[in-house]
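Being a predicted model, the structure only gives us computed values, none of them experimental.
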Amino acid sequence: MPEQCDPRPYDALLLLSFGGPEGPDDVVPFLENVTRGRGIPRERLKEVGQHYFLFGGVSPINAQNRELLDALRTDFAENGLDLPVYWGNRNWAPYLTDTLRTMVQDGHRRIAVLATSAYASYSGCRQYRENLADALAALQAEGLELPQVDKLRHYFNHPGFLRPMADGVLASLAELPAEVREGAHLAFTTHSIPTAAADTSGTPADHTRGGEGGAYVAQHLDAARVIADAVRAETGVDHPWRLVYQSRSGAPHIPWLEPDICDHLEEAHAAGVPAVVMAPIGFVSDHMEVRYDLDTEATAKAAELGLPVARSATVGADPRFAAAVRDLLLERAAAERGGTPERCALGALGAGHDLCPVGCCPARTPRPAAAGADWRGPVAEAPA
């Protein structure tokens, strides 16, 4: 087998995502899955679910994951990579445990995992590792032989992730009226998280104090800078930019990363900014946080202000992103075989770690997390 197409020791890839409802009857049960253990009343979940009901109770994320699944399988086949690709979700069907069970029953014992979250944070990395640990514990309780699962590294600065988004920003600038295009500002958006979680994101060396944001903020700033530089190189215009946040949830007294995109639009308009491109660099696909918080809420705020805006595309199932996943898989496979593969990364931060060290994006409460340096195998029974 050619070295460049050799996936050994891996015998399968698992696409691991968040999941979303696919009809009105799914919305509240889905939100119950997302918020399990927090004691949120069902009536409150119905209120929260109004964003989904505006779209017929259907989140776009599952359809977009199916498209990405197809893109991965196509890319693998066209490049001679003979490796099956499966898909499992954290919060909705197909559930992670069910998918992992199927993979074991199909004979797979060494599984690479791609999470649809590109950056370091508790919710974007360690929580997926906790989900993997829970699933492995459930399979152990069923008496199944357990596979080894390895989560692929963060890909926020991989060229196959950043270049499609740079092209999206360029396309959005072209959509703006000619008279405001050159003066347009770029608002790079991502999911807001509590500042305490941001400050402890990444490895212990990345952790910060005083609201600096740890690896989560640093990685987003690095990605935004690469994209802004690519736009300047293409257009000759140095568009001012800022990292802003969206989709905040939780108790209002807990500090979260700011500014919110709608607040930023108000500030930009008050400062005389002629137009804004909203670039959702924190998201792999155009799921509900993008469709509602940007396309609906933020766009309505811009219309109220009379501020021209355009929203650029996420990477979705772009063939370049599918190729990036193949690259990440083969890179990790070569490293597992003892090689020293080239690790593609743009920006100043370089390629991330393969194995999350102890203390990386620490849990709010101690829980086992697979695919990290602190993983010692599942407990005898699945946690409640």
Asks: Check each of Val315, Asp318, Leu328, Thr314 against Phe161 using the side chain to side chain contact (heavy atoms under 4.5 Å, CB included) test, and report the only one that passes.
Replies: Val315
Asks: Please collect all side-chain hydrogen bond (donor to acceptor under 3.5 Å, both in side chains) contacts where either partner lies in residues 340-360, sequence neighbours excluded, each pair once.
Replies: Glu331-Arg343, Arg343-Asp354
Asks: Apart from Phe283 itself, which Ile, Leu, Val, Met, Phe, Trp or Tyr residues share its cluster (side-chain heavy atoms under 4.5 Å, direct or through members)?
Replies: Val244, Ile261, Leu265, Val273, Val276, Met278, Val290, Leu294, Leu305, Leu307, Val309
Asks: Is any side-chain N of the basic residue among Asp295 and Arg311 closer than 4.0 Å to the acidic one's carboxylate O?
Replies: yes
Asks: Between Leu132 and Leu16, is there a side-chain heavy-atom distance shorter than 4.5 Å?
Replies: yes
Asks: I'd like to know if Glu130 pairs up with Arg126 as an ion pair, taking the criterion as any Lys NZ or Arg NE/NH1/NH2 lying under 4.0 Å from an Asp or Glu carboxylate oxygen.
Replies: yes
Asks: Could you tell me whether Arg320 and Asp167 make a salt bridge, using a distance below 4.0 angstrom between a side-chain N and a carboxylate O?
Replies: yes
Asks: Return all side-chain donor-acceptor pairs below 3.5 angstrom for residues 221-229, not counting sequence neighbours, or 'none' if the list is empty.
Replies:
{"unit_1": "Asp222", "atom_1": "OD1", "unit_2": "Ala348", "atom_2": "N", "d": "3.0"}
{"unit_1": "Asp222", "atom_1": "OD2", "unit_2": "Ala348", "atom_2": "N", "d": "3.2"}
{"unit_1": "Asp222", "atom_1": "OD2", "unit_2": "Leu349", "atom_2": "N", "d": "3.4"}
{"unit_1": "Asp229", "atom_1": "OD1", "unit_2": "Arg232", "atom_2": "NH1", "d": "3.1"}
{"unit_1": "Asp229", "atom_1": "OD1", "unit_2": "Arg232", "atom_2": "NH2", "d": "3.0"}

Asks: Under the criterion side-chain hydrogen bond (donor to acceptor under 3.5 Å, both in side chains), I'd like the reasoning laid out for Ser17 against Thr116: C-alpha separation, chi angles, the key distance, then a yes or no.
Replies: CA-CA 5 Å; Ser17 193; Thr116 55; 2.8 Å; yes
Asks: Centroid-to-centroid, Trp241 to Phe188, below 6.0 Å?
Replies: yes
Asks: Just grab all the ring pair (Phe, Tyr, Trp, His ring centres under 6.0 Å) pairs involving residues 110-134, residues at least two apart or on different chains.
Replies: Tyr119-Phe156, Tyr119-His220
Asks: Please work out whether the ring planes of Tyr86 and His108 are parallel, tilted or perpendicular, with thresholds of 30° and 60°.
Replies: perpendicular
Asks: Going by the rule ring-ring contact (aromatic ring centres under 6.0 Å, His included), which residues pair with Trp92 if we only count those two or more places apart in sequence or in a different chain?
Replies: none
Asks: Identify whether the distance between the nearest side-chain nitrogen and carboxylate oxygen of Glu336 and Arg332 falls below 4.0 Å.
Replies: yes
Asks: Hey, does Pro274 have a side-chain heavy atom less than 4.5 Å from the side chain of Arg181?
Replies: no
Asks: Do side-chain atoms of Asn79 reach the backbone of Asp75 as a donor and acceptor pair under 3.5 angstrom?
Replies: yes
Asks: Got Val104 and Arg109 here, is their nearest side-chain heavy-atom distance under 4.5 Å?
Replies: yes
Asks: Can you confirm if the aromatic rings of Tyr292 and Tyr52 lie within a centre distance of less than 6.0 Å?
Replies: no
Asks: Answer yes when Asp150 and Arg110 have at least one side-chain N-carboxylate O distance shorter than 4.0 Å, and no when they do not.
Replies: yes
Asks: Side-chain donor-acceptor pair under 3.5 Å between Tyr95 and Asn33, yes or no?
Replies: yes
Asks: Evaluate Gln127 against Arg90 for side chain to side chain contact (heavy atoms under 4.5 Å, CB included), listing each step before the verdict.
Replies: CA-CA 9 Å; Gln127 192 170 11; Arg90 173 189 291 176; 3.4 Å; yes
Asks: Ignoring hydrogens and angles, state whether a donor on the side chain of Ser285 or Gln64 is under 3.5 Å from an acceptor on the partner side chain.
Replies: yes
Asks: Does atom CD (Glu182) have a neighbourhood of more than 12 heavy atoms from anything else shown, all under 6.0 Å?
Replies: no
Asks: Taking the side chain as every heavy atom from C-beta outward, state whether Val237 and Val231 have any atom pair closer than 4.5 Å.
Replies: no
Asks: Would you say Leu329 and Leu83 make side-chain contact, with heavy atoms under 4.5 Å?
Replies: yes
Asks: Could you point out which residue of Thr190, Thr195, Asp199 forms a side-chain hydrogen bond (donor to acceptor under 3.5 Å, both in side chains) with Tyr216?
Replies: Thr190
Asks: Not counting sequence neighbours, which residues clear side-chain hydrogen bond (donor to acceptor under 3.5 Å, both in side chains) with Glu234? List them please.
Replies: none
